[in-house]
Amino acid sequence: QVQLVESGGGLVQAGGSLTLSCAASGRTFSNYAMGWFRQAPGKEREFVGGIDWNSGDTYYARFVKGRFTISRDNAKSTMYLQIDSLKAEDTAVYYCATKRGSIPNIPQAYDYWGQGTQVTVSS
């Protein structure tokens, strides 16, 4: 089974930047995607974006408005999410997830999840 561990969350002032990490281990299949989700208080979990691990191609939800950047370090089996110009509405638990198949923009297909990391933006 795959284990995913998120880190890097914390309390950040509005307008600042933050980088989250997701380290994966125990993967046994070659074609897959990894993605980021978030869940704000009182809201449903929403898809932020993902990356095709084979090609490195990324996909983002429309709402990111260019403020979110997903990248990877293949040697470390780690995915990153950089958030710039943080807003209060970015406050949420951010989850790392992965799925079989390398197409990242199929949110319902992600079926392995990390424990989440809290991002709190002060205003």
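All values derive from a computational prediction rather than experimental measurement. Any value given below was found using the heavy atoms of this structure, including those in side chains, with hydrogens, waters and symmetry copies removed.
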Novice: Give the minimum heavy-atom separation between L18 and G10, together with the two atoms involved.
Specialist: CD2-N, 4.4 Å
Novice: Got L20 and T117 here, is their nearest side-chain heavy-atom distance under 4.5 Å?
Specialist: yes
Novice: Considering all heavy atoms of both residues, which atom of R67 and which atom of L86 are nearest to each other, and what is their separation?
Specialist: NH1-CA, 4.0 Å
Novice: Roughly how far apart are E6 CD and Q118 CD, rounded to 0.5 Å?
Specialist: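 Between atom CD of E6 and atom CD of Q118 there are 12.0 Å.
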Novice: How long is the straight-line distance from SG of C22 back to NZ of K76, given to the nearest 0.5 Å?
Specialist: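 Nearest 0.5 Å value for the NZ-SG distance: 14.0 Å.
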Novice: Would a 4.5 Å heavy-atom cut-off, applied to side chains only, mark F47 and R38 as touching?
Specialist: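 SC-SC contact between F47 and R38 ruled out.
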Novice: Indicate, with yes or no, if V64 and I83 share a hydrophobic cluster defined by side-chain heavy-atom contacts under 4.5 Å among Ile, Leu, Val, Met, Phe, Trp and Tyr.
Specialist: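 Linked, I83 and V64 end up in one cluster.
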Novice: Just how far is it from atom CZ of R72 to atom OG of S77, taken to the nearest 0.5 Å?
Specialist: 10.5 Å
Novice: Can you tell me if CG on L11 sees more than 12 non-hydrogen neighbours from other groups inside 6.0 Å?
Specialist: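 It does: L11 CG has more than 12 such atoms within range.
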Novice: Indicate yes or no: at least one non-hydrogen side-chain atom of I106 is less than 4.5 angstrom from one of K99.
Specialist: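 A side-chain contact under 4.5 Å exists here.
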Novice: Take V48 and Y59, measure what side-chain contact (heavy atoms from CB on, under 4.5 Å) needs, and give me the verdict at the end.
Specialist: CA-CA 9 Å; V48 174; Y59 174 87; over 6 Å; no
Novice: Are Y94 and V121 connected, step by step, through hydrophobic side chains (Ile, Leu, Val, Met, Phe, Trp, Tyr) whose heavy atoms are closer than 4.5 Å?
Specialist: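 Yes, Y94 connects to V121 through the hydrophobic network.
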Novice: Any non-hydrogen side-chain atom of D90 less than 4.5 Å from a side-chain atom of F68?
Specialist: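 Result yes, sub-4.5 Å side-chain heavy-atom pair found.
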Novice: Would you check if C96 and W36 make a side-chain contact, meaning some heavy-atom pair closer than 4.5 Å?
Specialist: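 Yes, side chains in contact.
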Novice: Would Q115 and V5 count as a side-chain contact (heavy atoms from CB on, under 4.5 Å) here? Give the steps.
Specialist: CA-CA 7 Å; Q115 83 288 349; V5 179; 4.2 Å; yes
Novice: Measure the CD-NZ distance between E89 and K43 for me, rounded to the nearest 0.5 Å.
Specialist: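 E89 atom CD to K43 atom NZ measures 10.5 Å (nearest 0.5 Å).
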Novice: Do you know which two heavy atoms are closest between L4 and Y112, and how far apart they sit?
Specialist: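 Shortest heavy-atom separation between L4 and Y112 comes out as CD1-O, 3.4 Å.
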Novice: Rounded to the nearest 0.5 Å, what separation is found between the CG atom of D57 and the CD1 atom of I70?
Specialist: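 The CG atom of D57 sits 12.0 Å away from the CD1 atom of I70.
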Novice: Taking atom types as modelled, find out whether D73 and T78 have a side-chain donor-acceptor pair closer than 3.5 angstrom.
Specialist: no
Novice: I'd like to know if the side chain of R100 pairs up with that of Y32 as donor and acceptor (distance under 3.5 Å, no hydrogens or angles considered).
Specialist: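 No, Y32 and R100 have no side-chain donor paired with an acceptor closer than 3.5 Å.
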Novice: With a 6.0 Å cut-off on ring centres, are Y110 and F37 close enough?
Specialist: yes
Novice: Y95 ring centre to R45 NZ or CZ under 6.0 Å, with the angle to the axis within 45°?
Specialist: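 Yes, a cation-pi geometry.
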Novice: Hey, are N31 and W53 close enough side-chain-wise for a donor-acceptor pair under 3.5 Å?
Specialist: no
Novice: For Q13, is the CD atom crowded, meaning more than 12 foreign heavy atoms sit under 6.0 Å from it?
Specialist: no
Novice: Measure across P104 and G50 and return the closest heavy-atom pair with its distance rounded to 0.1 Å.
Specialist: CB-C, 3.6 Å
Novice: Are M79 and I51 close enough that some pair of their side-chain heavy atoms sits under 4.5 Å apart?
Specialist: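 A side-chain contact under 4.5 Å exists here.
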Novice: To the nearest 0.5 Å, what is the distance between OG on S71 and CG on L81?
Specialist: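 The CG atom of L81 is 8.5 Å from OG of S71, to the nearest 0.5 Å.
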Novice: Kindly indicate whether the side chain of D52, heavy atoms from C-beta on, has any atom under 4.5 Å from the side chain of M34.
Specialist: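 Of all side-chain heavy-atom pairs linking M34 with D52, none is under 4.5 Å.
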Novice: Provide the closest heavy-atom pair for Y60 versus T58 in the form atom of the first, atom of the second, distance.
Specialist: CE1-OG1, 3.5 Å
Novice: Can you name the closest pair of heavy atoms from S123 and A14 and give their distance?
Specialist: CA-CB, 4.3 Å
